[in-house]
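All values below were derived from every heavy atom in this structure, side-chain atoms included, with hydrogens, water molecules and symmetry-related copies excluded. Naming convention: chains lettered A, B, ... in sequence-line order (proteins, then strands); numbering from 1 in each chain.
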Protein chains: 2
Amino acid sequence: MAVTIKDVAKLANVAPSTVSRVIANNTRISEKTKRRVREAMEELGYHPNLNARSLANSSTKTLGLVMPSSAEKAFQNPFFPEVLRGISTKAHEEKYALLISTGVTEKEIYEAVVGMVQGRRVDGIVMLYSREDDQIIDYLLDVNFPFTVIGKPFQNEEQITYIDNDNYKAGKDATNYLLELGHERIGFIGGDISFMFTNDRLLGYKKALQQKGISLRSRYIVHEELTEEEMKKEIVYLMSLEDCPTALVVADDFVALKVLYILAELEISVPKAVSVISFNNLLLAEVSTPSLTSVDINIYKLGYEAADCLLKQLATSSKERKKITVEHQIIKRHSTDVR
Amino acid sequence: MAVTIKDVAKLANVAPSTVSRVIANNTRISEKTKRRVREAMEELGYHPNLNARSLANSSTKTLGLVMPSSAEKAFQNPFFPEVLRGISTKAHEEKYALLISTGVTEKEIYEAVVGMVQGRRVDGIVMLYSREDDQIIDYLLDVNFPFTVIGKPFQNEEQITYIDNDNYKAGKDATNYLLELGHERIGFIGGDISFMFTNDRLLGYKKALQQKGISLRSRYIVHEELTEEEMKKEIVYLMSLEDCPTALVVADDFVALKVLYILAELEISVPKAVSVISFNNLLLAEVSTPSLTSVDINIYKLGYEAADCLLKQLATSSKERKKITVEHQIIKRHSTDVR
DNA sequence: CTGAAAGCGCTAACAC
DNA sequence: GTGTTAGCGCTTTCAG
């Protein structure tokens, strides 16, 4: 087998426990032996066996990540690499590793999560999404396992630490921006409503209109839950109305790209005939034609903070729940214009 | 602490070793005791401690994933969720978990990888990219640790198991497609040339032109290595030439989006004035305006096969290296047209 | 077919 | 300051 703590101990002429203490950088070890032990480690090319360590002190120094089912198209959204980048950066700062759940169906993922929790493979979990009726959250709550959620939970909000944007306000801000540009007939093209943020943004949209005394029309609200084709039909129909919208608030940049595509087919010019604002400010918002005015929700930071929060919770083993709101900002580009 | 194998043993009135055998589904255990043990496990809600297991039999049932430095923009490419999906699916089929490397600089990642290999946290590694002068590959080769690479390695090709497209052919096919449409002045907009696939596609492009007896012009080849701004200048310059290209082969869909954007600014119509073909066939190829003719390289399959190969290698502990080529296919959309 | 016991490599009392 | 020792929870000979 590989070189162990015993080999190092022998070479350095100390007890294994001393080596262990040197690794932990225990203050009660003399500098001299520390040096000697370190030299021995160096010479033998020693690396600690992390499983053994985990077993002995029941701490894994790894965080579990739960992604949505890879069967879903949500998975393909460039949102994920970006949160991952945030989480990864913070995790690395604290020398934590990242274990990700596998499984394509919801049930498989659920079981994988139970496996990693009960199997003592992770110290805490970051949920990379928040959706309705999530068994995983119920489970974690039930066994009282540390976790944070990116996005606002549907249930048990008061018991859960989560990181979110103020999506309600983001929806309002986006809509207000269009209102300020002089638009009054404003439509809303939503994403999957089983995700919490879609809901919140929709509420914000409604509120903004209401505050301006503009009455809502259910016609103006289209959800993407349906198939590609159906969404397309809905939009085509929407734009064929005599009093069709002059501006659209769209759930996210990816959906916005689809919308632009459909509008181009209909030969409706953006932003001349219709303005479009969307959310997330993915890299692609910048390079779409026209470039998208988009609400930057700071995805990287969502990830970073989610990891930070969880790590702090683990360090202090506090059970206090927290809510962190990451700021957003409208990035003005060429898909919006005055009425 | 949690419920262990001993608790189960006690309840089922057997020895711990018997429980262990039941978990492993050892054939020499009678069906009767198996049932009894399983009931006990059920009743107590037993879950094996995976660290203990790993320690005892030195197998972790987890694969390590190495991503490019998250400091790089390559990281944000939607390519990654999709390979991940492939890897994850295969890994799950064999009940393997996934551990991903953290770290933002190359050096940090290198150390993280060494940590997960020496720390015995993974049984094998999938490299999610292939680039020049990669120390990680050198290291893995050096310590003789099982791994597979997505993309063709720059060095030591004969010693490495890798999964790749035939990017040379893909580049040729893409170029030939444009040639068949009657184009003759064809440009190439490359991505980061430190990635192998860029290189190969470029070679294929050159070969195709050469076979048609069309002489290469260095003017027609633009690399994206530079800043956004610089690339833009280059393209603007390219298109201002009197004999500017009537078609472009572009490194990947994401870059193609940028190209479309720049062409739109220059009021050059696609595909009327210029045809554009790109690679990867990401979801966004479909929804860009115009939709992109793109070479589908089967990203999901690249991931799936990489995991499959690695897993097979682990199962048979064969040292045989293998090269797997994933087929590609041109998906015709609206960004290309006859000359 | 099942049990007893050793040991995987490390940490953490407890000694001195 | 450092050594001794007893586990962490599992697997795996070796007996029987």
Side-chain angles (χ1 to χ4, degrees), chain A residues 1-38 40-41 44-62 95 97 115-123, chain B residues 1-38 40-41 44-62 95 97 115-123:
Chain A
M1 276 280 112
V3 23
T4 78
I5 214 173
K6 284 186 188 170
D7 303 319
V8 177
K10 209 169 289 172
L11 182 62
N13 248 310
V14 294
S17 52
T18 303
V19 178
S20 177
R21 289 189 185 106
V22 173
I23 295 171
N25 205 8
N26 190 315
T27 49
R28 308 191 321 197
I29 299 286
S30 73
E31 278 308 318
K32 209 165 116 194
T33 34
K34 271 191 189 171
R35 197 161 343 155
R36 198 145 41 89
V37 170
R38 292 215 173 95
M41 298 198 318
L44 298 174
Y46 171 77
H47 278 268
N49 181 320
L50 300 173
N51 295 308
R53 177 180 291 175
S54 295
L55 183 57
N57 69 6
S58 55
S59 129
T60 60
K61 286 279 193 178
T62 113
K95 302 191 184 308
M116 69 193 200
V117 169
Q118 306 277 7
R120 300 279 181 285
R121 294 188 48 116
V122 297
D123 296 341
Chain B
M1 279 280 111
V3 23
T4 77
I5 215 173
K6 285 186 189 171
D7 303 318
V8 177
K10 210 170 287 174
L11 182 61
N13 249 311
V14 294
S17 51
T18 303
V19 178
S20 176
R21 290 189 183 102
V22 173
I23 295 171
N25 206 7
N26 190 315
T27 49
R28 308 190 321 196
I29 299 286
S30 74
E31 278 308 318
K32 212 166 113 194
T33 34
K34 272 191 188 172
R35 195 157 346 147
R36 200 145 39 87
V37 170
R38 293 217 173 94
M41 298 199 317
L44 298 174
Y46 170 78
H47 279 268
N49 181 320
L50 301 173
N51 295 308
R53 176 179 293 175
S54 295
L55 182 58
N57 67 6
S58 55
S59 128
T60 61
K61 286 280 193 178
T62 112
K95 301 191 185 307
M116 69 195 200
V117 169
Q118 306 279 5
R120 301 278 181 288
R121 294 188 48 114
V122 297
D123 296 341

Using atom CZ of A/R35 as one end and atom C1' of D/dG1 as the other, report the distance to the nearest whole Å.
-> 15 Å
Residues in side-chain contact (heavy atoms from CB on, under 4.5 Å) contact with A/A56, at least two apart in sequence or another chain | none
side-chain hydrogen bond (donor to acceptor under 3.5 Å, both in side chains) with B/S17: which residues, sequence neighbours excluded?
-> none
Nearest-nucleotide pick for A/A56, side chain only, options being D/dG9, D/dC8, D/dG3 | D/dC8
Report which part of the nucleic acid A/R53 touches: base, sugar-phosphate, or nothing (heavy-atom distance under 4.0 Å, all strands).
-> sugar-phosphate
To the nearest 10°, let me know how far the axis at one end of the helix from C/dC1-D/dG16 to C/dC16-D/dG1 is tilted from the axis at the other, five pairs an end.
-> 40°
Between A/S54 (side chain) and A/R121 (backbone), is there a donor-acceptor pair under 3.5 Å?
-> no
Nearest-nucleotide check on DNA chain C, B/E31 vs B/A52; residue mapping nearer the 5' end is B/E31
Does B/S20 have any side-chain contact (heavy atoms from CB on, under 4.5 Å) partners at least two apart in sequence or in another chain, and if so, which?
-> B/I5
When we call it a touch if two heavy atoms are under 4.0 Å apart, what does A/N13 touch: a base, just sugar-phosphate, or nothing?
-> sugar-phosphate
Is the phosphate of C/dT2, meaning OP1 or OP2, less than 4.0 Å from a side-chain N or O of B/T33?
-> yes
Which nucleotide in C/dT2, D/dT2, D/dT11 has an atom nearest any side-chain atom of B/I29 | C/dT2
Rounded to whole angstroms, how far apart are CE on B/M41 and P on D/dC10?
-> 11 Å
Nearest-nucleotide pick for B/N57, side chain only, options being D/dT11, D/dC10, C/dC1 | D/dT11
In whole Å, what is the span from the CG atom of A/L55 to the C1' atom of C/dC8?
-> 9 Å
Provide, to the nearest angstrom, the distance between the CG atom belonging to B/D7 and the C1' atom belonging to D/dC10.
-> 13 Å
Do the side chain of A/K34 and the main chain of A/N26 share a donor and acceptor less than 3.5 angstrom apart?
-> yes
Would you kindly give the CG-to-P distance between B/N26 and C/dT2, to the nearest whole Å?
-> 10 Å
Hey, does the side chain of B/S30 come within less than 4.0 Å of C/dT2's phosphate (OP1/OP2), counting only N and O?
-> yes
Atom NZ of B/K6 and atom P of C/dA4 are separated, to the nearest Å, by 12 Å
Proximity to DNA chain C (any heavy atom under 4.0 Å), residues of residues 17-25 of chain B only | B/S17, B/T18, B/R21
Whole angstrom is fine here: how far is it from CG in A/N51 over to C1' in C/dT11?
-> 15 Å
Please output the side-chain donor-acceptor pairs of residues 7-14 of chain B that fall under 3.5 Å, not counting sequence neighbours, one pair per line with the distance.
{"residue": "B/D7", "atom": "OD2", "partner": "B/T4", "partner atom": "N", "Å": "2.8"}

Among the nucleotides D/dG9, C/dC10, C/dC1, which one has an atom lying closest to any side-chain atom of B/N49?
-> D/dG9
Is there a donor-acceptor contact under 3.5 Å from the side chain of A/D123 to the main chain of A/K61?
-> yes
Heavy-atom pair of closest approach, residues B/L55 and A/A52 | CD1-CB, 3.7 Å
Starting from P on C/dA15, measure out to CZ on A/R28 and report it in whole angstrom.
-> 14 Å
Closest heavy-atom contact between B/N25 and B/R38?
-> OD1-NH2, 3.5 Å
Within the side chain of A/R120, is there an N or O that forms a donor-acceptor pair under 3.5 Å with the backbone of A/Q118?
-> yes
Closest to side chain of B/I5, choosing from C/dC10, C/dA4, D/dT11 = D/dT11
